[in-house]
Amino acid sequence: MMDLFSEIEEPERDELKALRKELEEANYKYYVLNMPTLSDREFDEKMHRLQALEAQFPDMFDPKSPTQHVGSDLGKKGFEQVKHKYPMLSLANSYSREEIEDWVRKLPSNAEIVCELKFDGLSISLWYEHGILVKALTRGDGVQGDDVIANIKTIPSIPWRIERTDIPEFFELRGEVLLPWERFEALNKEREEQEEPLFANPRNAASGTLKLQDPKEVARRGLDAYLYYMLGDNLPGTTHYERLETAKQWGFHISDAIKVCHSVDEVMAYIAYWDTERKNLPVATDGIVLKVNNLAQQEELGFTAKTPRWAIAYKFPAEKQLTLLKEITYQVGRTGVVTPVANLEPVQLSGTIVQRATLHNEDFIKSLDIRPGDRVWVEKGGEIIPKITGREIGLNSIRRADATLLVDSAEYAFPTTCPECGAKLVRVEGEAAWRCPNEAGCPPQIKGKIEHFVSRKAMNIDGLGEETIDLFYQKGLLKNIADIYDLKLEDIAAQERLGEKSAQNILAGIEASKQVPWARVLFALGIRMVGETTAKKIARVYNTIDTLQWATAEQLCAIEDVGPQIAENIVAYFNDMRNLEILERLRQAGLQFEGEAATGPQSDKLAGLSIVISGTFSQHSRDEYKAMIEANGGKNVGSVSKKTSFILAGENMGPEKRKKAEDLGIKLMSEEEFIEMVNGK
Ligand code: IVH
């Protein structure tokens with residue numbers, strides 16, 4: 001009889017669990033990612049159904065159920081520092097068979113060794129209580145780390161909840177957070193287009209991403225994670241390998257490249273295989289980790305102050321080659337930055353032929369003291385872009401091989417004039433780059449600006465690629481972005497390689513670009529340091545070009561993400577008569593110089609104020625308050641600091657924020673007071 005009953009009950013219990021999961025995710029997507037997945041009505045209906053099911057099955061009560069707490073906006077605040085349950089240690093490194101043999105000699109003679117890939121990202125510690133992910137801590141200083149759970153929850157392969165009865169009350173899984181190569185390359189490409197500094201390697205990119213206070217952006221970047229170590233009391237299994245197998249069954253992302261080895265030969269074969277094969281993996285690895293398999297043996301071996309004795313890393317040798325630096329040439333970018341480039345005797349590195357590498361700037365060249373004619377080291381480690389790491393002073397060096405040659409070898413000097421147009425270069429104080437100031441007359445700058453303008457994220461004009469722009473520039477058809485809108489069918493069609501059909505396509509693309517919204521037009525103008533995101537934020541506050549044109553640097557600084565340098569660039573852009581002429585022509589052509597909704601600052605009542613919003617509100621939503629702050633010239637900031645002017649405090653304000661505000665003596669303002677302040681005379 002009982003059996004029959006439980007069978008009848010089963011589908012509803014499953015429905016209850018599924019609803020909890022769905023609503024939990026919906027809450028997260030709504031409050032943290034600002035990406036609602038359910039309509040309010042659907043959400044309410046599901047919540048009522050969950051409440052009914054929970055009443056029907058009181059034994060399934062769960063204090064963490066979405067019925068028991070309101071959706072949280074965790075993730076918009078700073079990170080909480082949490083002490084690790086077990087210190088997060090690092091690993092001793094080894095680089096050769098001999099060093100591995102030395103380590104193996106100190107192990108029990110029958111010790112099995114688990115070989116794993118050493119993932120090159122950031123370590124993370126995931127805490128599961130009653131099957132629910134409750135904390136995700138970075139390594140920090142090894143003793144305590146930041147709880148970055150809101151960001152970690154954007155990783156699809158990390159489960160938020162394990163629905164099993166055979167799991168311990170508490171367990172911890174450690175692993176590595178990574179930005180896959182493909183995502184890393186796409187992110188850097190995007191940053192290059194927006195003139196933001198590039199990440200040197202996927203590890204830096206993953207680290208920068210995990211520190212963001214904006215889980216929506218984290219989700220967009222696409223982190224992944226591999227887990228490799230389970231800790232806790234009363235865990236199943238007697239070996240490390242079994243534990244990872246168990247974790248895999250519980251739904252965790254565990255690498256398939258794990259192998260139990262019984263001899264150093266086997267270990268070396270594993271290393272040799274993966275040293276090549278790793279190049280086909282979607283994520284970066286920088287070595288192998290060797291771990292004693294038996295957990296009792298692990299315990300016996302124990303730890304030194306910094307590392308376990310039962311594990312060791314073997315690092316792959318960085319791939320580097322010595323080659324001749326034939327010549328240093330220079331590239332001029334669309335904003336006039338002159339970048340020195342090393343032209344090398346072609347050399348094979350990580351499966352590709354390298355013949356060029358960036359030398360970044362004058363300081364970089366001077367710090368390595370490299371000169372054309374030197375033999376230089378080229379490396380390709382975690383980086384996709386090869387880099388020069390030094391020169392060879394030994395016999396291989398042409399310059400140094402015969403000291404008498406030094407007499408003729410002049411110390412390297414960065415050019416003083418633009419290699420493209422001959423203008424005198426300038427170096428802005430505090431910047432490492434030399435720049436060509438001849439914006440309107442330097443060919444790569446002119447072409448670069450046009451290329452940026454037509455690019456996909458800007459005006460998205462199909463058919464106008466780099467080569468066509470170059471051709472039109474040579475023929476005198478394009479000298480600036482406004483000329484695009486004067487192109488005629490017959491002019492285009494008359495060009496070699498371009499028939500009437502392509503001409504029509506180009507013109508159609510140009511026509512369509514007239515509908516591109518104001519924020520993208522602003523980005524397309526190519527104002528220095530105004531990337532896609534910044535342009536959007538500016539366009540939200542200044543919804544017409546006319547208001548933006550008259551904004552002062554101080555006013556611009558009140559916009560989120562706009563610092564003094566960007567503000568000055570914007571002001572300088574609008575102070576240049578040539579730009580104003582171009583803008584007027586673009587206006588005549590019919591480009592969108594106005595946003596849809598007028599959300600520009602309607603007053604300066606909050607000008608210069610940094611305001612934190614915390615808690616839940618009854619009269620307006622958080623986003624509405626944010627818009628009100630910006631509309632009145634204020635700045636909405638995420639965390640409380642000395643600089644915070646006041647906190648717009650709703651119900652259930654976070655206790656940490658409250659304490660911090662008290663400590664710093666920062667005023668809490670109620671919604672009523674705030675509305676009075678903004679609407680009052
Ligand atoms: S085990 C107590 N396994 O390498 C030992 N670490 O250089 C715990 N790492 O901090 C670490 N892949 O961030 C382990 N398969 C792997 C790993 C791995 C990458 C990282 C980890 C650690 C660092 C040490």
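The figures that follow rest on heavy atoms only: side chains count, while hydrogens, waters and symmetry mates do not. Counting starts at 1 for both ligands and their atoms, in listed order. What you see is a predicted model, and the numbers here were worked out from it, not measured in a lab.
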ask   = Is the charged tip of Lys85 near the ring of Trp127: under 6.0 Å from the six-membered ring centre and within 45° of its axis?
value = yes

ask   = Applying a heavy-atom distance cut-off of 4.0 Å, which protein residues contact ligand 1?
value = Leu89, Leu91, Glu116, Leu117, Lys118, Phe119, Ser123, Glu176, Tyr228, Tyr229, Val289, Lys291, Pro308

ask   = Less than 4.0 Å between a side-chain N and a carboxylate O, is that true for Lys216 and Asp214?
value = no

note = The complete set of salt bridge (charged side-chain N to carboxylate O under 4.0 Å, His left out) pairs with one or both residues in residues 102-112, sequence neighbours excluded, reads Asp102-Arg105

ask   = Within 45° of the axis and under 6.0 Å from the centre of the six-membered ring of Phe199, does NZ or CZ of Arg191 qualify?
value = yes

key: Salt bridge Arg97-Glu101, side-chain N to carboxylate O under 4.0 Å   = yes

ask   = Which word best sums up how the rings of Phe303 and Trp310 line up, parallel for under 30°, tilted for 30 to 60°, or perpendicular for over 60°?
value = perpendicular

